[in-house]
Amino acid sequence: MDMRFLMQQAQKIQKDITKAQQMLAQKEYEATAGGGAMKIKATGNMRLTEVTIDPELANEVEDLQAMLVICVNSLMEAIEKDKEAIMKPITGGAKVPGAF
């Protein structure tokens, strides 16, 4: 194979990865727990943007802790699933270190 061709392919993949990262960073995800008593939002680059908690739960520490774990795990799973779906066509399913 031509070395120039390989370099062009590598540059295209890097450009596509950067575009995917930017797209995910702008996407917002939401998870709820406790029938909507807790709601958490995050961006695709895993930055929390909002946490809403029903004030009636203020004294229910154990419930709040459990709901927080549920919400955060749900968000992270949704983001990871989207990342994999976006990256698969770019990388052919191969894991690219530092891509995300």
Side-chain angles (χ1 to χ4, degrees):
M1 274 197 179
D2 181 9
M3 191 61 132
R4 185 179 308 135
F5 174 75
L6 290 175
M7 290 299 293
Q8 289 172 342
Q9 286 298 102
Q11 289 173 344
K12 181 187 180 315
I13 289 170
Q14 183 58 46
K15 221 182 255 189
D16 291 346
I17 289 171
T18 300
K19 186 176 178 180
Q21 288 171 330
Q22 291 170 345
M23 184 180 74
L24 276 169
Q26 293 176 2
K27 190 170 180 182
E28 188 171 74
Y29 296 81
E30 180 179 310
T32 61
M38 178 178 286
K39 177 173 65 174
I40 297 179
K41 292 182 180 180
T43 61
N45 59 353
M46 298 188 177
R47 301 283 185 231
L48 294 179
T49 57
E50 183 180 329
V51 176
T52 306
I53 301 170
D54 185 333
E56 292 182 20
L57 294 174
N59 295 322
E60 304 295 329
V61 175
E62 288 180 7
D63 289 343
L64 285 170
Q65 291 169 334
M67 283 188 253
L68 185 60
V69 169
I70 291 167
C71 281
V72 171
N73 285 338
S74 179
L75 280 172
M76 299 308 133
E77 288 170 10
I79 293 168
E80 190 61 34
K81 186 177 178 181
D82 269 4
K83 283 182 185 180
E84 288 175 8
I86 290 169
M87 290 301 293
K88 190 173 183 178
I90 297 170
T91 65
K95 298 285 183 186
V96 178
F100 282 102

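All values below were derived from every heavy atom in this structure, side-chain atoms included, with hydrogens, water molecules and symmetry-related copies excluded.
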Only pairs under 3.5 Å count here: list side-chain donor-acceptor contacts from residues 56-65, not counting sequence neighbours, and write none if there are none.
none

- Query: Would you call I86 and K88 a side-chain contact if the rule is heavy atoms closer than 4.5 Å?
  - Reply: no
Validation: residues 38-47 side-chain donor-acceptor distances under 3.5 Å, sequence neighbours left out:
unit_1, atom_1, unit_2, atom_2, d
T43, OG1, N45, OD1, 2.3
T43, OG1, R47, N, 3.4

- Item | Sequence-distant partners of T32, side-chain hydrogen bond (donor to acceptor under 3.5 Å, both in side chains), two or more places apart | none
- Hydrophobic cluster membership, I70 vs V72, 4.5 Å side-chain cutoff: no
- In short, side-chain hydrogen bond (donor to acceptor under 3.5 Å, both in side chains) pairs touching residues 4-20 with sequence neighbours left out are K12-D16, Q14-T18
- Item | Taking every non-hydrogen atom, the tightest pair across G34 and M67 | CA-SD, 3.7 Å
Indicate every side-chain donor-acceptor pair of residues 75-82 with a distance under 3.5 Å to a residue at least two apart or in another chain.
unit_1, atom_1, unit_2, atom_2, d
D82, OD2, K27, NZ, 2.5
D82, OD2, Y29, OH, 2.5

- Task: State, to 0.1 Å, how close A31 and C71 come at their nearest heavy-atom pair, and which atoms those are.
- Result: CB-O, 3.5 Å
